[in-house]
Every structure is written in structure tokens, then in C-alpha cells.
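Here is the structure we will look at, set down as C-alpha cells.
Here is how names work: the chains are called A, B, and so on, in the same order as the sequence lines, proteins then strands, and each is numbered from 1.
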Amino acid sequence: MEEKKESLNFIEQIIEDDLSTGKHKQIITRFPPEPNGYLHIGHAKSICLNFGLKETFKGKTNLRFDDTNPSKEETEYVESIIEDIKWLGFEYDNLFYASDYFEQLFEWAVMLIKDGKAYVDEQTPEHISEQRTNPTINGIESPFRNRSIEENLKLFLEMKDGKYADGSMVLRAKVDMNSPNMHMRDPVMYRIMKKHHHRTGDKWCIYPMYDYAHGQSDYIEGITHSICTLEFEVHRPLYEWFLEQIDTTGKRPRQIEFARLNLSYTVMSKRKLLELVKNNYVNGWDDPRMPTISGFRRRGYTPDSIRNFADRIGVARRENMIDVGLLEFFIREDLNKKANRVMAILNPLKVIITNYPENKTEQLEAQNNPEDISAGSREVSFSREIYIEQDDFMEEAPNKFFRLKPGGEVRLRYGYFIKCNEIIKDNDGNITELHCTYDPESKGGQSPDGRKVKGTIHWVDSQTCIDAEVRLYDRLFVKENPEDTNENETYLDYLNPDSVRINTAKLEQSLLYAKPMERFQFERKGYFCVDKDSKQDKLIFNRIVTLKDSWTKIAGNE
RNA sequence: ACGCGAUUAGUUCAGAUGGAAGAACACAGGACUUUGACUCCUGAUGUCGGUAGUUCAAAUCUAUCAUCGCGUGCCA
């Protein structure tokens with residue numbers, strides 16, 4: 001029984017107080033995406049927060065689609081959002097749509113009119129905006145603000161019945177035209193929009209605005225803590241105003257704001273993400289370079305790594321920019337325990353072992369995962385011709401380079417010691433082949449004479465290895481904060497021209513049956529995931545992340 | 001300009017009722033190693049945004065200033 005008493009974040013603190021004072025017996029949170037795009041890692045933070053609260057306080061969490069604007073919403077997005085939440089490993093207690101409440105919302109709007117707290121305004125959007133003026137001075141009341149309840153009622157019903165054109169009038173709440181908070185200057189509650197809705201079809205031609213719909217929806221569902229991001233902070237007084245109009249019990253949901261996630265070297269706004277997809281800067285929402293949940297999934301990230309990440313970055317009200325390196329830390333940590341090791345050569349260099357018999361092949365035992373003995377072992381074949389990594393040979397090597405060099409000896413992982421004797425080059429001076437000799441006594445990687453060989457490199461047998469496409473991904477942007485632009489530039493100017501490199505790699509034979517979404521560690525190279533489009537006759541691997549590499553640092557310092 | 005909010009190590013966050021500044025990642029050094037990975041040791045870094053005040057005692061309370069963010073859609 002591990003009782004690790006971590007300190008509570010400010011939201012957990014609030015909830016614990018509410019529970020201990022008896023304000024609530026059980027909490028209910030909600031995750032309320034608008035189905036107008038794919039979920040990204042910022043949403044993952046919110047999901048982990050809301051569903052995490054449910055788990056730690058034994059409450060409930062609803063998934064509610066905030067589908068009050070039919071001009072932007074599609075069922076495709078609804079499905080992807082559900083899939084992403086499930087993939088992260090969370091289960092919602094109820095699936096709701098704001099559109100489920102259109103009838104109730106309408107009735108409450110009628111009630112507000114009858115109370116003299118809402119009116120139909122026939123002015124243009126421009127006019128309404130002008131009258132709101134600015135926060136430093138009082139606003140100007142609409143000429144329609146004080147028309148009779150009967151007239152408002154009649155007009156609103158006619159709006160609902162489709163008698164008026166889009167944009168010709170709106171229903172406004174009568175709040176306070178002099179408030180320093182612009183959201184309180186008679187906000188729009190309903191607009192006319194003759195659009196087909198993905199769920200209600202053509203039943204409605206008036207649709208509620210976020211500010212009106214959101215709090216009331218929370219109320220209907222009995223949400224206790226309505227958690228949203230900081231930019232809604234200034235909406236809170238209005239959220240409460242609308243609730244006051246319908247609630248007599250005093251048991252109202254409470255809106256709490258936290259700082260959204262910003263990740264370095266990427267963008268997070270739906271608009272920009274959509275633009276990247278629409279203009280083919282990436283190959284779809286699930287492109288492995290995208291910060292979407294589906295992108296991370298395809299890239300090979302595990303749900304655990306993302307959840308651990310979300311837990312670690314915490315929840316606060318401070319603006320933040322999280323280093324993408326932290327996410328990489330969590331995926332390495334997770335896969336180090338889970339991923340089987342295999343050998344693969346990303347940039348092949350042929351090596352001929354001149355003293356090894358021509359037609360001989362032998363099987364060497366290789367461990368699948370040193371971190372997990374139960375993963376067992378496998379056999380890898382070895383013969384006279386093998387491939388090694390081009391990087392693992394240097395003709396003129398610095399002192400600290402302990403891989404293969406002329407006259408030097410190196411260990412082939414699970415295999416023999418080999419020594420390089422001859423370098424074969426083409427007419428342009430490029431190295432095409434190495435001739436080496438092996439020490440037959442060193443099978444398995446140890447020599448009976450006990451001599452030390454510092455370097456161990458990976459390799460594959462040229463007889464049995466298989467070719468595969470390997471996609472080497474790098475960050476999508478070259479700038480830490482691509483949204484921080486200079487004059488005449490946009491975030492697109494910071495796209496990394498080298499964010500993916502495609503290699504034909506040589507893989508050990510055991511990978512022939514690798515299935516889509518299976519993850520491996522290519523020893524000394526990184527973690528890789530079989531792409532969802534991979535086939536047995538055309539294998540495709542995505543690089544999830546490289547291994548930590550202290551060699552490039554050492555080399556860089558020389 | 002006005003309103004609201006934020007400010008603790010390089011970064012993200014902890015620091016109830018005021019009582020000797022903490023964690024993780026990153027970084028540096030070392031041990032181990034058939035992955036220059038992993039693991040394990042060790043280490044450095046903070047005028048707790050500034051100033052003034054209350055107090056025996058302030059990161060914590062008060063005032064004030066500064067800086068940054070958000071808000072003036074019939075988007076969410």
C-alpha cells in the first residue's frame with residue numbers, strides 16, 4: 001500500500017474543501033470540446049485533469065460536445081474525439097451534446113424575456129459593437145433595449161420559426177451596459193443561423209451562444225466543477241449571471257480556470273493546425289509530426305507517456321511553455337521498460353568478414369529486453385557479409401571514438417570481435433565497403449584472453465536482412481515559439497524543412513512479422529513504431545524518438 | 001486607457017494555520033555497462049519580480065510600483 005501524499009494542486013484543494021465541508025457529496029466534471037477539429041496535446045492535459053479528478057475523488061466525468069455552432073462542426077470530429085479519449089484510457093460516465101439541451105435552453109430564454117431580462121435587438125453587428133464602446137467609458141443602450149415583453153416574445157418566437165434572415169436580429173441578455181467587463185454589456189444569447197446541424201438537422205434556425213449555453217448545460221448535468229482555460233476567466237461573471245437566473249437552490253456549478261499547455265517547437269491553435277492540414281504542410285491530422293493526440297498515437301507515443309507527462313507538468317494559473325524534451329523523456333522512460341530491442345541499420349555500410357567461411361550462416365542468441373527478462377530471447381543470423389551503420393566507422397577517428405576504425409577492434413552486438421583491415425572506396429572517394437577479420441574465439445562477445453573491447457556496435461546479416469522504409473521525424477518547427485513572429489513573418493516561416501527524412505533501412509529478419517502500431521527499440525538508434533499503413537511486403541517504421549546521445553555532445557566538444 | 005489574472009532554480013511545479021528555500025526534467029562530474037542507452041551516486045544554480053510596511057519572525061499578511069498575459073465576435 002503506497003500512500004504517497006503528493007501535495008494537491010489548487011483545483012484539487014478546492015474540491016477537497018467542497019467535499020469536506022459537505023458542499024458536495026460527489027463531484028462531477030466534464031470535458032466539453034467543440035467538434036470542430038482534432039484533439040491536441042493541450043486537450044490531453046484538460047482530459048487528464050478532468051478525468052483525473054474523477055478518479056482521485058471517486059466522482060464522475062461527462063463528455064459533452066459543445067455543438068452550438070453548426071457552421072464549423074462535423075461528425076468526423078465527434079468520432080475522432082471519442083477515439084482519442086478512449087485511447088488515452090479514460091471512460092466517460094455520460095456522453096452528451098449541448099444540442100440535447102436546445103429545447104430547455106429555449107424555454108429558459110423565454111423565461112428571461114418574460115422576466116424583462118432579455119430583448120430582441122434588430123441592429124447590425126457593427127452597430128451593436130459600436131454601442132458597447134470600450135471598457136473605459138459607459139456603453140450606449142440599444143434603442144430596442146426597452147421594448148415590451150410582448151413584442152420581445154413575439155419577435156423571438158418568430159425568429160425561432162424562421163421568419164427572419166440570418167443576422168437580421170439577435171436575442172440579447174439585459175445585463176449591464178456600463179460594466180468594465182465587456183462580456184457583461186448585454187451579450188448575445190441567440191443568433192439566427194439557417195444551417196444544418198449535425199444532430200438536430202434543420203429543426204432549429206436559432207442557435208445559443210457559448211456564454212449562454214455553457215453554464216446552463218453544466219447546470220443541467222449537475223456539474224460541480226466546470227474547469228476551463230484562462231481565457232474564459234473574464235466570462236465567469238456572465239457564467240454566474242446566467243446561472244442566477246435559473247437557479248434557486250444555490251447549488252450551482254463553479255467555473256475554475258487553469259493555464260493551457262504550450263509546447264515548445266509546435267503550435268497549438270486549432271486554426272493553425274487546420275491550416276497545416278488543409279495546405280498540406282503535413283499529411284493529415286494524424287501526421288506523426290502533429291501535436292494532435294492522433295499524431296502522437298501514430299508516431300508511436302503510448303497513452304501512459306502522455307498521461308505521465310500531463311501529471312508531471314501540473315496544473316496552475318501561470319502561463320507556461322513546456323519543453324518538448326520533457327515529453328520525450330516520458331516516452332523514453334515508458335518504452336525503455338516495454339519495447340523489445342532489435343537491430344536495424346538506418347544508413348548501411350557493407351562489411352565483409354574475409355576470414356569467415358563463404359557459405360556459412362550461424363544463429364546467435366540475442367536478448368529481447370534487458371529491462372525485462374520475461375521478454376526472452378531470439379536468434380539472429382550471422383554470416384560473412386553484414387551491414388553496419390555508416391556512423392560507426394571513421395577513417396580518421398578522434399581519440400574518444402571507440403567504434404570501428406582502421407586497425408581497431410570492435411564488438412558486434414551478440415556476435416564477435418572484428419577488426420578493420422581494408423577500406424574500399426569508389427572513384428569519388430566514398431567508402432563503399434570494409435574488409436574486416438573476426439576473432440572466432442570471441443563468439444557471444446567475449447574473448448577467452450580477457451582482452452577489453454570498448455565499443456559495441458549493432459549490425460544485420462546481409463543474407464537475411466529485410467528492407468523497410470523508415471521515417472525519421474524531427475520537430476515541425478525550428479523556433480521554440482513559432483507564434484512569436486517578427487514583422488512580415490508568420491509561424492509558417494519557421495517550419496522545419498527537414499522535419500522528416502525517409503531512409504531505406506536494413507532490418508533484422510525477425511521484424512518481418514511486425515504489426516502496425518508495434519513498438520521497438522532499434523538498438524543504439526531510438527524507439528520506432530510500425531506505421532498504420534505498413535504491410536508485410538512494404539514495411540514502414542516511424543521514429544518516435546531517438547535514444548539519448550551523449551556521443552554527439554562529446555564529438556561536438558572536440 | 002479600463003477591468004481581470006499571473007510573477008518561487010534554465011524549464012515546469014510544491015511550498016495548510018507566517019517559524020532555517022524543495023521536487024522533476026535539463027545541465028556538470030563519477031560508477032556500472034556486450035546499447036556512448038538504462039541504472040546508480042555526487043554536484044551547481046535562486047537578492048521567492050521591486051520597494052515600503054505589520055511582526056520576535058514574511059515566499060506566505062498589507063500597500064504600492066513594475067513586467068507579462070487575457071478581455072472590446074451574431075466563435076468556442
(request) Indicate yes or no: does A:E362 engage A:K443 in a salt bridge with an N to O separation below 4.0 Å. (result) yes
(request) Tell me what A:L230 touches on the nucleic acid: a base, only sugar-phosphate, or nothing, going by heavy atoms under 4.0 Å. (result) nothing
(message) Using a 5.5 Å cut-off between ring centres and planes within 30 degrees, is A:Y210 stacked on the base of B:A76?
(response) no
(request) Could you please name the partner base of B:G43, counting Watson-Crick and G-U wobble pairs only when both distances are under 3.5 Å? (result) B:C27
(request) Test for a donor-acceptor pair under 3.5 Å between the base of B:U7 and the side chain of A:E319, counting only N and O atoms. (result) no
(request) Taking atom P in both B:U42 and B:G5, compute the distance separating them and give it to the nearest angstrom. (result) 44 Å
(request) Confirm from the modelled atom types if A:R132 and B:U72 form a donor-acceptor pair under 3.5 Å, side chain to base only. (result) no
(message) At less than 3.5 Å, do the side-chain atoms of A:H235 and the base atoms of B:A76 form a donor-acceptor pair?
(response) yes
(message) Whole angstroms only, please: what is the CG-P distance between A:L8 and B:A23?
(response) 20 Å
(request) For residues A:K45 and A:F309, determine if any side-chain heavy atom of one lies less than 4.5 Å from a side-chain heavy atom of the other. (result) no
(request) Describe, in one word, how the ring planes of A:H214 and A:Y239 are oriented to each other, choosing from parallel (under 30°), tilted (30 to 60°) and perpendicular (over 60°). (result) tilted
(message) I'd like to know if A:R524 reaches the base of B:G36 with its side chain such that a donor and an acceptor end up less than 3.5 angstrom apart.
(response) no
(request) Please check if the distance between the ring centroids of A:F477 and A:Y265 is under 6.0 Å. (result) no
